[in-house]
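In what follows, chains carry the letters A, B, and so on, assigned in the order in which the sequence lines appear, proteins first and then strands, with residues in each chain numbered from 1.
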Amino acid sequence: MDLTYHSHRREITIPVVSLDQAAARAQSAERPTARAQRMIAVRQVVQTNAAMLSSVLDPASGALVASSEKSPRVSLVATETTFIEGATKAVLKTLKSRFGMTVVQEGLFGKVLLRNNQLSGKEAVENAFKCANYAYKSTKAKAAHPNFNRVIQHTMRPATTAPLSASKPWWNHLNDGTVGVAGADAAVRAAWTITKGNSNIRVAVLDEGVDVAHPDLVSAIVAQKDFVDGNATAQPSGKDAHGTACSGIIVGRGTVYPGITECSLVAVRIAKGDGHDGWIFDDFKTADAIDWAWKDAKSDVLSNSWGGGTPVDAISNAFERARTQGRNNKGCVIAIATGNSDSSVNYPATLPNILAVGASNEWDERKSPTSHDGEDWWGSNYGPEVQLVAPGVHIATTDISGASGYSPGNYITTFNGTSSATPHVAAAAALILSIAPNLKESEVREILTQTATRLKPTGNLDGGGRNNEMGWGRLDIFAALRRASHPR
Amino acid sequence: MGAFKKTPTHYYASGKRVPLTVDDNLIAVDSRRFSQLKASPQLLSIVQSKGTEIGHDLILLARDRMDSDAAKKLVDTGVTQPVYHSSGATIVALPEIRIEESSSKKLEQVIQFVTGFAFDVEGEPDSGRLSLRPRSQDARDSMELANKIAMNFKPISVSPRFVRITPGPVLRK
């Protein structure tokens, strides 16, 4: 039996096989060296919006599985739902009368997921295909196709010389598997079906300053201060673009490389470059900056992509005050980078009760010198302190405007490090607080860690608990928001 | 009183002793005090041209970038601050201590103790925080006193002031 649907003006026919057959086909396509690797991700590609995540793969249900000869590692598991984009109310009415399809999920930009709740199993799947084909041929919907789950079996190592994410700069928001493993992302697009955040929530980025005039950041900034030179503005000096890049990940307002949230930014300058790729911090100024961020600037979340050296009480106590006294004693959520030396976790990410954030890549691996992403010159630090990991290679974000910064222009597409992973977690915390502002910081931490996708360091899904390389797993903002929306 | 000139090799954080390794190569020169000495304009010129400014009028430079006589002369002027390397960072001590303690009585005891040393005290016991600065302007003195306070009074927090230079977070091949 074959199933047919339409995508990008092409008719696509796929043979239907059993899940076991698809798995066998995928396995036989593996290279011998990769045969040891099993299914890395059983997760649907969200071609549209990930509100569809509610339909999960259930091998025991006997779901129809389509497997393409051209892509044996990718198996499409047909669901009982149809995806439509840009359908009018009249079209939806027609689909209801002809196929019994009603809207079960709504996404952004006119995307809906339809299902006939009277049918189930094979009958429901075939009905979903018929509905999709009818909608494609007979209406002016922008897109209409069956909704698939995908089983991706990744074994390939890419050419490391290629700019891995050049054509897919948003992999951290939504990884469709073009590079890496489908679903190895922070589930940002999916999260946006719930919220893009509230501007009342403030995220402090403590860093080497922020390009406060950047067109994508200027409207997000609600407070700023320079603790290095004692200025009222947090503008960085020279080419110190790190804080601008971190901020863009969280609150970038642009349409080219949008940030994860529409929350507000508190820009705090605590460091400067030394002209030789090093950073200069003053402990007491840093401690004062932390206190200012939670106490005076009323920040809800503190994002810290910095660290190194031995601990000092002044900084540790300032963080503890933020964590316990910030947000009217509900506590600020504190995210701190673990470091990039492929060794033990840096201070202050070693502090208790904070979110120590490591870096993952497009393959859901711990970023290491030997991980698949090709950046063989650094690795994400690891140890018992790691709470979770988040995307940390090939990140597209804001750069200092103009000629300064990492590259000419307003953006960088290759930002990296646990520095880039940490703002993802800070942004996630800000989104949680946007929909659940009364949560204590400990509750936000628990939501983020307990909803993280459990992973082994090699990228395999792991149903177990935490490990020292991936912590509790890779950040899943969508899952976190769902948990925050429906607390247990 | 108060002139401890041996370079300390530890301090306390969260009540625990934190070891430090003295960096034998790097020198942190207080350029303002060095200028005031008017000892050797030539040496000052070397410092300024070969070093890196790290704030607080300090210039950090490597001995191996200057001849050994010049380096020795520089250290002998007495206007350097201790430099350590630890946990992947370079740490330069500054002549200041910050103490935090919720008990004003304990802070009063600390102030009383400090009167025996050549330090200036800033802050009131009721504020919960004190800053201490050695009149010698030498961070060795402040580190020694910080350790004494940590051992004798165990306040919530006693921190010597450090400037830390960490590897930059920008990762390039």
Side-chain angles (χ1 to χ4, degrees), chain A residues 207-208 228-229 239-242 245-246 271-288 305-318 320-321 337 339-341 343-344 346-347 350-351 375-378 381 392-393 406 414-420 422, chain B residues 9-21 28 51-56 58-60 62 84-94 96-102 128-129 131 133 143 146 149-150 154-173:
Chain A
D207 213 283
E208 60 181 1
V228 176
D229 294 324
K239 294 194 169 191
D240 289 354
H242 189 263
C246 290
K272 63 179 180 180
D274 69 351
H276 308 286
D277 282 344
W279 259 25
I280 302 172
F281 297 88
D282 176 328
D283 285 351
F284 287 8
K285 288 180 178 178
T286 302
D288 291 344
S305 294
W306 53 273
T310 46
V312 65
D313 281 347
I315 290 174
S316 304
N317 288 354
E320 186 62 6
R321 280 190 292 273
N340 306 317
S341 54
S343 59
S344 58
N346 284 349
Y347 174 81
T350 50
L351 290 172
E375 293 191 356
D376 59 2
W377 56 93
W378 71 279
N381 289 3
V393 289
Y406 295 133
T414 55
F415 190 49
N416 61 2
T418 54
S419 287
S420 63
T422 301
Chain B
T9 55
H10 73 278
Y11 68 103
Y12 289 87
S14 302
K16 292 177 184 166
R17 185 183 169 113
V18 180
L20 291 169
T21 305
T52 301
E53 290 184 20
I54 60 168
H56 304 279
L58 289 174
I59 295 177
L60 193 64
Y84 306 94
H85 57 260
S86 187
S87 300
T90 297
I91 293 173
V92 181
L94 299 180
E96 186 177 349
I97 304 166
R98 180 178 290 184
I99 302 166
E100 293 168 349
E101 171 56 51
S102 55
R129 179 185 288 192
S131 289
R133 293 187 183 85
M143 286 188 68
I149 292 169
K154 297 183 170 51
I156 290 173
S157 157
V158 53
S159 308
R161 186 171 192 170
F162 295 131
V163 169
R164 58 184 73 206
I165 299 108
T166 64
V170 181
L171 298 167
R172 302 188 187 96
K173 191 167 188 177

- Is the ring centre of A:Y406 less than 6.0 Å from the ring centre of A:H242?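 Ring centres of A:H242 and A:Y406 not closer than 6.0 Å.
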Backbone N/O of [Y] and side chain of [X]: donor-acceptor pair under 3.5 Å:
{"X": "A:D283", "Y": "B:R164", "result": "no"}
{"X": "A:D240", "Y": "A:G273", "result": "yes"}
{"X": "A:E208", "Y": "A:A241", "result": "yes"}
{"X": "A:N416", "Y": "A:G392", "result": "no"}
{"X": "A:S420", "Y": "A:G417", "result": "yes"}

Given the options A:N317, A:D288, A:D313, B:R98 meets side chain to side chain donor-acceptor pair (under 3.5 Å) only with A:D288
Could you check whether the rings of A:W306 and A:F281 sit parallel, tilted or perpendicular, using 30° and 60° as the cut-offs? tilted
Checklist line | Residue, of B:A89, B:S87, B:P19, that accumulates the most heavy atom pairs under 4.5 Å with chain A | finding: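 Most heavy-atom pairs under 4.5 Å with chain A: B:S87.
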**Request:** Among the options B:G88, B:S86, B:G15, pick out the one with the most heavy-atom pairs lying under 4.5 Å from chain A.
**Result:**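 So the answer, after comparing B:G88, B:S86, B:G15, is B:S86.
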Checking [X] against chain A: side chain, backbone, both or neither under 4.5 Å from a heavy atom?
{"X": "B:H56", "result": "side chain"}
{"X": "B:L58", "result": "neither"}
{"X": "B:S14", "result": "both"}
{"X": "B:Y11", "result": "side chain"}
{"X": "B:I99", "result": "neither"}
{"X": "B:I54", "result": "both"}
{"X": "B:L60", "result": "neither"}

Problem set entry | Per-residue contact mode, A:S316 against chain B (heavy atom under 4.5 angstrom) |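 The answer is neither part of A:S316.
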Highest number of heavy-atom pairs under 4.5 Å with chain B among A:D282, A:V312, A:I280 belongs to A:D282
